[in-house]
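Inspection log for the structure reproduced underneath, given as structure tokens.
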Amino acid sequence: MNINNWKIFNKKGNNLNLFPDPYLSINFKTDVEIARGAEAFFLTGPNGLISETIVKNGGFGYDPGTQVYLDYAFDNQEPYLLEDASIIFGDVSVFDPEPSN
């Protein structure tokens with residue numbers, strides 16, 4: 001049973017499934033030259049409103065001053081700065097307390 005394969009509808013038959021919006025992109029801007037690999041996308045509902053942000057890859061080398069922008073494919077203006085967005089660092093150190101050969 002894989003929930004990603006489910007199709008959910010309300011009583012009127014309207015599709016309630018969320019899907020990645022191909023026309024909205026998230027861009028990360030930083031002055032750090034080694035910063036690489038961050039990828040994220042928005043999930044939108046059938047009404048077109050953003051309901052969730054999914055971080056596909058957190059990347060590496062980003063500093064707390066990194067700015068996050070929303071870019072709409074059909075808008076000729078500058079990307080919109082997401083001021084409420086923030087970069088949260090997590091410790092992903094991996095070590096084996098019991099060394100083995």
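In this chain, residues are counted from 1 in sequence order. Values below: all heavy atoms of this structure, side chains included; hydrogens, waters and symmetry mates excluded.
Annotation: D31, atom CG; neighbour count of heavy atoms from other residues, nucleotides and ligands within 6.0 Å does not exceed 12.
In this structure, I26 and A40 approach most closely via the heavy-atom pair CD1-CB, 3.7 Å. Considering every non-hydrogen atom in both G58 and A38, the closest pair reads O-CB, 3.9 Å. Closest heavy-atom contact between S25 and F42: O-CE1, 4.3 Å. The two residues Y69 and K29 come nearest to each other via the heavy atoms CE1-CB, 3.8 Å. In this structure, F41 and K56 approach most closely via the heavy-atom pair CE2-CB, 4.4 Å.
Using a 4.5 Å cut-off between side-chain heavy atoms of Ile, Leu, Val, Met, Phe, Trp and Tyr, with links allowed through other members, Y72 and F28 fall into the same hydrophobic cluster.
When the options L43, D21, L24 are evaluated for a side-chain contact (heavy atoms from CB on, under 4.5 Å) with I50, the one that passes is L24.
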